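In what follows, chains are A, B, ... by sequence order, proteins preceding strands, each numbered from 1. Everything numeric in this text was worked out from a predicted model, so none of it was measured.
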There are 2 protein chains.
Amino acid sequence: MEAGSDGDVCAKWSETLRVYHTTSCELENELQSRHDLGLSEFEVLLNLSKCCGQSGGKAKMKDLEAAMYLSQSALSRTVTRLERAGLVTRAACDFDRRANFLMLTPAGKERFEAAAPTHRSVLIKHFG
Amino acid sequence: MEAGSDGDVCAKWSETLRVYHTTSCELENELQSRHDLGLSEFEVLLNLSKCCGQSGGKAKMKDLEAAMYLSQSALSRTVTRLERAGLVTRAACDFDRRANFLMLTPAGKERFEAAAPTHRSVLIKHFG
DNA sequence: TGACATCCAATGCGCGTGCATGTAAGTTCT
DNA sequence: AGAACTTACATGCACGCGCATTGGATGTCA
């Protein structure tokens with residue numbers, strides 16, 4: 001057995017835990033209080049805005065699910081919240097009527113662009 | 001502004017997210033299915049067993065709270081679950097009757113020692 | 001000593017999550 | 001075409017979490 005791998009993994013996990021909790025809590029609080037967005041809601045907007053450049057701003061639920069650490073049901077509800085808030089629209093897919101296309105609305109794009117600097121500055125504070 | 005600090009923080013956060021989610025999910029599942037313990041329950045046992053060597057196996061709620069990434073209320077309920085399961089006992093503190101001392105029961109010690117290798121092996125798998 | 005602030009832990013409450021299931025749409029095989 | 005299977009998404013449900021509040025114990029100051 002290799003010496004050191006034992007105690008070290010625990011310390012590494014501890015450190016990961018610390019970084020994750022402090023960062024995600026601060027992200028959550030800042031995004032919520034300043035932009036009325038939860039962290040996973042912001043991350044959906046982030047992924048959608050990435051798709052914007054590539055595929056005309058459309059994304060399938062399944063693709064989003066694969067890109068995020070969120071269960072299918074949680075994603076579905078998160079999108080429902082965003083839709084209710086008018087930040088995102090669901091559109092049926094012509095070729096597969098089971099699937100949904102998601103698009104940022106103008107309001108969604110605006111909200112995301114307002115929130116992105118907040119998100120970025122928290123990350124820089126913790127990782128910069 | 002320093003070049004690189006921008007895109008990098010996002011990638012670092014992404015990586016932290018990935019490691020945290022994959023590891024904590026696997027810990028949660030393994031501990032739950034093999035030892036009927038949630039991750040935060042295990043972590044309470046872990047902290048208590050650390051105290052065991054130092055202060056006779058007693059720990060105050062406040063000290064645990066400081067050592068863990070859990071709110072006061074969440075910790076209180078986690079300890080309640082552990083107490084119901086017979087793994088931990090609450091004992092009043094003679095000097096400050098607001099505070100509680102916590103102790104591992106023999107069953108708690110046994111359960112922890114059974115679960116610790118599972119915990120360790122998951123960590124080694126992800127960090128080793 | 002009496003009034004007031006502080007502290008510890010428990011609890012009511014709302015929320016977001018994952019798991020299991022339901023429903024509708026597409027696919028495959030004969 | 002029809003039956004059996006698979007896939008995409010929504011929903012019922014139980015659970016753990018954080019926030020705010022409560023109740024009881026301690027400390028402080030006049």
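- For D/dC9, neither phosphate oxygen OP1 nor OP2 lies less than 4.0 angstrom from any side-chain nitrogen or oxygen of A/Ser76.
- Judged as a ring-ring contact (aromatic ring centres under 6.0 Å, His included), not a single pair has a partner in residues 74-95 of chain B (not counting sequence neighbours).
- When the salt bridge (charged side-chain N to carboxylate O under 4.0 Å, His left out) test is applied to B/Glu30, the partners found at least two apart in sequence or on another chain are B/Arg34.
- A/Leu46 meets the side chain to side chain contact (heavy atoms under 4.5 Å, CB included) test with A/Phe42, A/Lys50, A/Phe112; sequence neighbours excluded.
- Criterion: ILVMFWY side-chain heavy atoms under 4.5 Å apart, direct or through other members. Under it, B/Met68 and B/Leu37 are part of a common hydrophobic cluster.
- Heavy-atom distances to DNA chain C give each of B/Phe101 and A/Tyr69 a nearest nucleotide, and the one nearer the 5′ end belongs to B/Phe101.
- In this structure, the side-chain hydrogen bond (donor to acceptor under 3.5 Å, both in side chains) partners of B/Glu113, at least two apart in sequence or on a different chain, are B/Lys109.
- Here B/Arg97 pairs with nothing under the salt bridge (charged side-chain N to carboxylate O under 4.0 Å, His left out) rule; sequence neighbours left out.
- Contact annotation for B/Thr80: no contact, since no heavy-atom pair falls under 4.0 Å across all strands.
- Screening residues 62-84 of chain B for ring-ring contact (aromatic ring centres under 6.0 Å, His included), with sequence neighbours left out, gives A/His21-B/Tyr69.
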N/O-N/O pairs, protein side and nucleotides 19-22 of chain C side, under 3.5 Å:
unit_1 : atom_1 : unit_2  : atom_2 : d
C/dC19 : N4     : A/Ser73 : OG     : 2.9

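- By the side chain to side chain contact (heavy atoms under 4.5 Å, CB included) test, A/Ala67 is found to be paired with A/Asn47, residues two or more places apart in sequence or in another chain being considered.
- The residue A/Leu75 sits apart from the nucleic acid: no heavy atom pair falls under 4.0 Å.
- Of the side-chain N and O atoms in B/Arg90, one or more sit less than 4.0 angstrom from OP1 or OP2 of C/dA10.
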Polar-atom pairs under 3.5 Å, protein N or O versus N or O of nucleotides 23-26 of chain C: list them with distances, or write none.
unit_1 : atom_1 : unit_2  : atom_2 : d
C/dG26 : OP1    : A/Arg97 : N      : 2.9

